[in-house]
Structures are given as structure tokens and as C-alpha cells.
Amino acid sequence: MKESQHLVQKVFLKTFNEEPLLVRSPGRVNLIGEHTDYNMGYVLPAAINKAAYMAMSKRNDDTIFIVAADLDESYTTTVSNCNYSDKGWPNYIIGIVDQLHKAGFQINGFNAVVSGDVPLGAGMSSSAALECATIFSINEIFHLGLERMQMVKMAQKAENEFVGVNCGIMDQFASMFGKKGHVIRLDCRSLAYEYVPFDLKGTKIVLFDSMVKHSLSSSEYNVRTSQCGEGVSIIQQKYPQVKTLRDATIEMVEECLAEESNDIYHRCKYVVEENNRLLAACEDLNAGKIEDFGQKMYETHQGLSELYEVSCTELDFIASCCRKESGILGARMMGGGFGGCVISLVKEDELENIVKRIKEAYWNKMNIGMNVYITQIEDGTHILK
Ligand code: GLA
């Protein structure tokens, strides 16, 4: 049994002296398709073997009593009066209650204990994991009858409206819909999705954690979402059919934006290129052309670094170390940016030496001890007990 699972069970029993519902909701990786989700394009994520664990039971009154076992902190509020908390972590839980309230669901209070092993601020979506664990648990104990996709949308809205990050749907979707051994190709506009077996024999998905916490990410993230919106409104003046960057072509971007501010032009050029790149990368995957797939990951990194400008010195350095390794098929920064991890595809028989070399190089250059996660693709949100 995972340590975090054991911890939530133990703390729950000790605090509330009853048996809870126990839910696991994973973090995610994304192979390619970054900053495309809120532009209504495609993404290719998978749920991983790192997760949030939540133990929950219902109460007969209005009180919400939650414990963060890893922090040894608790927080109390009520269903009828759940305001933003300066503590930070309760907002991912309270934000869900707020969404349910807005959607007209009547629920009682609850007791909950949460723990997890998704590293915080490493770009592996610990927040989406917590939001999905919360809505899944509440749905279960109060028999709300919500379907997974409804829960995904509400969890995303909780992040948008309560936490204040205008994120797309990818993280909450991947946490909820993950499937062992598969990546998911999601069309973020129609929400149609397809499970693609990810069976690269002898290859592992390895995350090199820069250990840089993405403190800029929420403010700069929101700047990127509005820059994309500005780009769309300029393109629309000539091409009214373009509703999002998903509808734009490279030619349109060149024609309408090349004369605009560099920022708007570069951001939009990256998004349109990345969307095309993902579609081509999926064909590589189907055809077993894994080297070509890997090359596209490097191209994504370059676009994120130079055009979208969401990378940082540390991530660029790790990506450049990966490029020098013949045992690495592809690598790029992952997630929102400004810190977090580089995702890479590493040949298993060279794994140990490669990890050693990259850790060493990172230490020598940046004086930072790096964490490395060798991931497995696991199922999405589910009940453990
Ligand atoms: C964060 C957001 C996602 C997505 C990625 C970038 O993880 O939560 O919605 O936009 O950044 O691809």
C-alpha cells in the first residue's frame, strides 16, 4: 500500500473514529500539446503513479472539517459560507463545494483527510488531483449522480473561479479519465477522446524535476491566455470564422499578426505550430516512429522557450543535457512552465547512467540537487475502499 494511502486512513481513523470512503486521484504527464488546451486544440496526457488520496465521510450538520495530513494542518468552514482561504490548500477543496453550490446541489458538511505524493509545484498537477479527488468523493457520499465529464468541468471551473487560474481542461480530464498503459488524445473543443496504447518497449517516461517552483506561473499563465485571445480578435477581423487559435492556420498568423507586437505574434505562432505538431506526433506514434515523435518533443521545447516564453534557464539547461544523450529519444519542459519538470523518453537499458550524468551536470551548473521520477501510466480517479 502507498504511504500516502496508509497515512490518510490512519489519520482519519484517529481524528474521526470511523471508516471513510477512500479515493485515489492521480497527477498527470503530457507527452505533447502544451498550452493548447485553452486554445481548444489537442493534448496527449496520461495519469501517473503519483496521486492525491482522500478519505471522506458525511456529517449531519453544515460543517466542513478537513485535514492536510502531510502538513499536519486542519481547516474548518461551513457549506453555506465557504470563502477563499489565505492558507492556500483548502481552496482546492472549498472551490469544489462552491461549484456544487452554484450548480444548485444541496449537500451537508463532511469530514476529510487528504495526503499525496504528487510533488507540489512540479507541473504534475497536484492541484487537479486534489480537486478531482474532492468532487469524486463528494459525488459518491452524497449520491449526486454526476458523470465523470461533468465532474471534470466543475473541477476546472473551481480552479478558474475560486483559485483564480484560467487553466484549460487537460489536468482535471487526465486525472479523472486516465487509463493504465494508455495516453489520451483529447480534442479540447469537442471533448472527444481516444485512448492510445503507450507501449514503447524498453522506453520509460522520465521526469527531471528542476526543483524550481513555478511561482510566476499563475500570473504569467493568465497573461498567456489573454494574449492568445487578443491574437484571435485580430485574426477575426479578416477571418470571422476563426473562433479560437484552433481554427487559425500558420498563414493567417503570418498575414494578420506578423506586424503586431512581437508577443502576440510569437504566442499565437507557437500555439498553431504546436497543435499541428501534436497531430503529426500522433501519426508517428501510430506508425511506431518513435524517433520522429521524440524530435517533435524537442521542437515543442524550443517553441515554449523562444516563442511562448514560459521556460526558464534551469529547464532549458536540462533539455539541452537531454539532447546530448543518444539514449534519450525526446525531451521538453512540461506543464504551465516557469519551473517544474522536463519530461523525457529514455531507453531503459541506459536509464541509470543517463540519470546519473544529468543529475551531476545539473548540480555542477546550477548547484541544485534534482529529483527524478520514473513514471508509470495508471488509471484515473477511483475508489480504493
Ligand atoms: C497547466 C494548466 C493546463 C494546461 C497546461 C499547459 O497545467 O492547468 O490546463 O494549460 O498548464 O499545457
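Just so you know, ligand 1 is whichever comes first in the structure, and atom 1 is the first atom listed for that ligand. Since the structure is predicted, the reported quantities are computational estimates derived from the model, not experimental observations.
- The ring of Phe65 has its center closer than 6.0 angstrom to the ring center of Phe16.
- The side chain to side chain donor-acceptor pair (under 3.5 Å) search around Asp98 returns Lys102, not counting sequence neighbours.
- His35 and Tyr221 have their aromatic ring centers within a separation under 6.0 angstrom.
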Would you tabulate the side-chain donor-acceptor contacts of residues 191-204 under 3.5 Å, counting partners in other chains and residues two or more places apart, or write 'none'?
residue: Tyr195; atom: OH; partner: Phe177; partner atom: O; Å: 2.7
residue: Asp199; atom: OD2; partner: Lys201; partner atom: NZ; Å: 2.9

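- In terms of the side chain to side chain donor-acceptor pair (under 3.5 Å) criterion, Ser210 has no residue partners (sequence neighbours excluded).
- Listed by chain and number, Arg28, Glu34, His35, Asp37, Tyr38, Cys167, Gly168, Met170, Asp171, Tyr221, Gly335, Gly336 each place a non-hydrogen atom less than 4.0 angstrom from ligand 1.
- We find that Asp263 and Arg267 are joined by a salt bridge, their nearest charged nitrogen and carboxylate oxygen being less than 4.0 Å apart.
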